[in-house]
Amino acid sequence: MNESIRQVGYIGLGIMGAAMASNLAKAGFALTVWNRTRSKCKPFAKQGATVADSPADLAAKGPDVICLNVTDTADVEQVLFGDDGVVAGAKPGLIVVDHSTISPMATREFACKLAGHDITLVDAPVSGGDVGAREGTLSIMVGGPDDAVQRLQPMFEAVGKTISHLGESGTGQACKACNQIAVVCNLMGVCEAMAMAKKTGLDVSKMLEAIAGGAAGSWQLANLGPRIAKGDFDPGFMIDLVLKDLGIVDDTARQQRLPLAGTSTAEGYFRAVAAAGGGKLGTQAMAKALENLGAVDLK
Ligand code: NAP
């Protein structure tokens, strides 16, 4: 179980997957890629990667590891267990690393099903956005067996900076759900502080500078506060995607009978912005909901 990993398959070359696969290639891993929209494989083929015809074909080529980076739980299920899915071509001993953000409960079920085929599933959702993916500085939240996670360490180091092994399969996704709760509640606090600043006649940008170095300081405040103040709602991380993640948080909280009042309020604000056509805006556009409710312009 300790031989080093050389051959890596990559499924899902979207914003995150393309950047992370590219960093793996730079670190010397030999790549075979597959993407539903085949044209996204072209840049990788030019750099010497093999292009597979399907997830099953990719698995049949016998990589040590296959990374997944697709959208949601149903998409992971399809690429793993669908007619032409990974399981249909996989050889025993394969490790599947799922970098998508999906349900922790479904992840545990997928891990059990894959174990029946002698395939190990390691969930490894990430935080740090498109910039972190390009720069190889992602935070990676890992769930899975110790020996597989140890073996994957050089791959994780090629795409991320903070690598945390939380426990067995599903714990990486559970940690990502915690991450999203903290992120959206934090952003809501930033928007509310900006609304109060505006209503009390403060210069919003000066208020942000004044509180950034104290106990209120945070990534959301430092990075998204100034963008809200400029009316810049271009996406780093889209509202449609955070709503997908909050659906996962809701399902998990419901199962655990855990009230998450702050997260539910934040989700309501995101829904309001999405309902008005803003689903493709960045998460900082939550400010628009606060602007409407409070009759205040945060710029
Ligand atoms: P994206 O750019 O929309 O890429 C999604 C990828 O998944 C594409 O390659 C897409 O293929 C593929 N895909 C989706 N459904 C599929 C299916 N049923 N079968 C096969 N392929 C499928 O999304 P992204 O931003 O890279 O996000 C990927 C994952 O990372 C998501 O779970 C997201 O929540 C998570 N994440 C994103 C960020 C971020 O800042 N963007 C940050 C942290 C985590 P096509 O090219 O054919 O559409």
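Just so it is clear, the structure is predicted and the values come from calculations on it, not from any experiment. Counting starts at 1 for both ligands and their atoms, in listed order.
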- prompt: Members other than Leu166 in its cluster, when Ile, Leu, Val, Met, Phe, Trp, Tyr link by side-chain heavy atoms under 4.5 Å?
  reply: Met141

task: Please could you name the atoms of ligand 1 that Leu13 approaches to less than 4.0 Å, counting only its heavy atoms?
output: 9 (O)

query: Between the candidates Met16, Met20, Arg38, which shows the shortest non-hydrogen contact distance to atom 25 (O) of ligand 1?
result: Met16

- request: Enumerate the atoms of ligand 1 whose separation from the nearest heavy atom of Gln78 is less than 4.0 angstrom.
  value: 18 (N)

Pick from Asp245, Leu138, Thr71: the one approaching atom 32 (O) of ligand 1 most closely through a non-hydrogen atom: Thr71

query: Is it true that Lys61 and Asp57 have a side-chain N and a carboxylate O under 4.0 angstrom from each other?
result: yes

Non-hydrogen atoms of Leu246 and Phe270 that approach each other most closely: CD1-CD1, 3.8 Å

- prompt: Which of the numbered atoms in ligand 1 are below 4.0 angstrom from a heavy atom of Asn69?
  reply: 6 (C), 7 (O), 28 (C), 29 (C), 30 (O)

- prompt: Considering only heavy atoms of Asp75, which atoms of ligand 1 have at least one such atom less than 4.0 Å away?
  reply: 15 (N), 16 (C), 17 (C), 18 (N)

Identified side-chain contact (heavy atoms from CB on, under 4.5 Å) counterpart of Gln173 within the set Thr252, Ile248, Ile102: Ile102

- prompt: Lys244 heavy atoms, cut-off 4.0 Å: which ligand 1 atoms fall inside?
  reply: 31 (C), 32 (O), 33 (C), 34 (O)

task: Starting from atom 7 (O) of ligand 1, locate the nearest protein heavy atom and write down its residue, its atom name and how far away it is, to 0.1 Å.
output: Val70 CA, 3.2 Å

- prompt: Can a salt bridge be assigned to the pair Lys113 and Glu109 using a cut-off of 4.0 Å between side-chain N and carboxylate O?
  reply: no

- prompt: Does even one non-hydrogen atom of Gly12 get within less than 4.0 Å of ligand 1?
  reply: yes

query: Taking 4.0 angstrom as the limit, do Lys230 and Asp232 come out as a salt bridge?
result: no

task: Could you tell me whether the side chains of Gln220 and Asn186 share a donor-acceptor contact shorter than 3.5 Å?
output: no

task: Provide the number and element of each atom of ligand 1 under 4.0 Å from a heavy atom of Thr101.
output: 32 (O), 34 (O), 35 (C), 44 (C)

message: Would you say the rings of Phe81 and Phe110 are close, in the sense that their centroids are separated by under 6.0 Å?
response: yes

query: Contact between Met238 and ligand 1, counting heavy atoms under 4.0 Å?
result: no

- prompt: Is a salt bridge present between Lys288 and Asp297, judged by a nitrogen-to-oxygen distance below 4.0 Å?
  reply: no

field: Distance filter under 4.0 Å to Asp130 heavy atoms, resulting ligand 1 atoms
entry: 40 (O)

- request: Considering only non-hydrogen protein atoms, determine which one is nearest to atom 19 (N) of ligand 1 and report residue, atom name and distance to 0.1 Å.
  value: Val79 CG1, 3.8 Å

- request: Please identify which atoms of ligand 1 are closer than 4.0 Å to at least one heavy atom of Ser100.
  value: 32 (O)

- prompt: Can you tell me which residue and heavy atom of the protein come closest to atom 48 (O) of ligand 1, and the distance to 0.1 Å?
  reply: Arg36 NH2, 3.0 Å

field: Any protein heavy atom < 4.0 Å from atom 2 (O) of ligand 1
entry: yes

Let me have the donor-acceptor pairs involving side chains of residues 88-101, under 3.5 Å, with sequence neighbours excluded, atom names and distances please.
residue: Lys91; atom: NZ; partner: Ala60; partner atom: O; Å: 2.9
residue: Asp98; atom: OD1; partner: Ser100; partner atom: N; Å: 3.0
residue: Asp98; atom: OD1; partner: Ser100; partner atom: OG; Å: 2.7
residue: His99; atom: ND1; partner: Ala124; partner atom: O; Å: 2.8
residue: Ser100; atom: OG; partner: Val70; partner atom: N; Å: 3.0
residue: Ser100; atom: OG; partner: Val70; partner atom: O; Å: 3.3

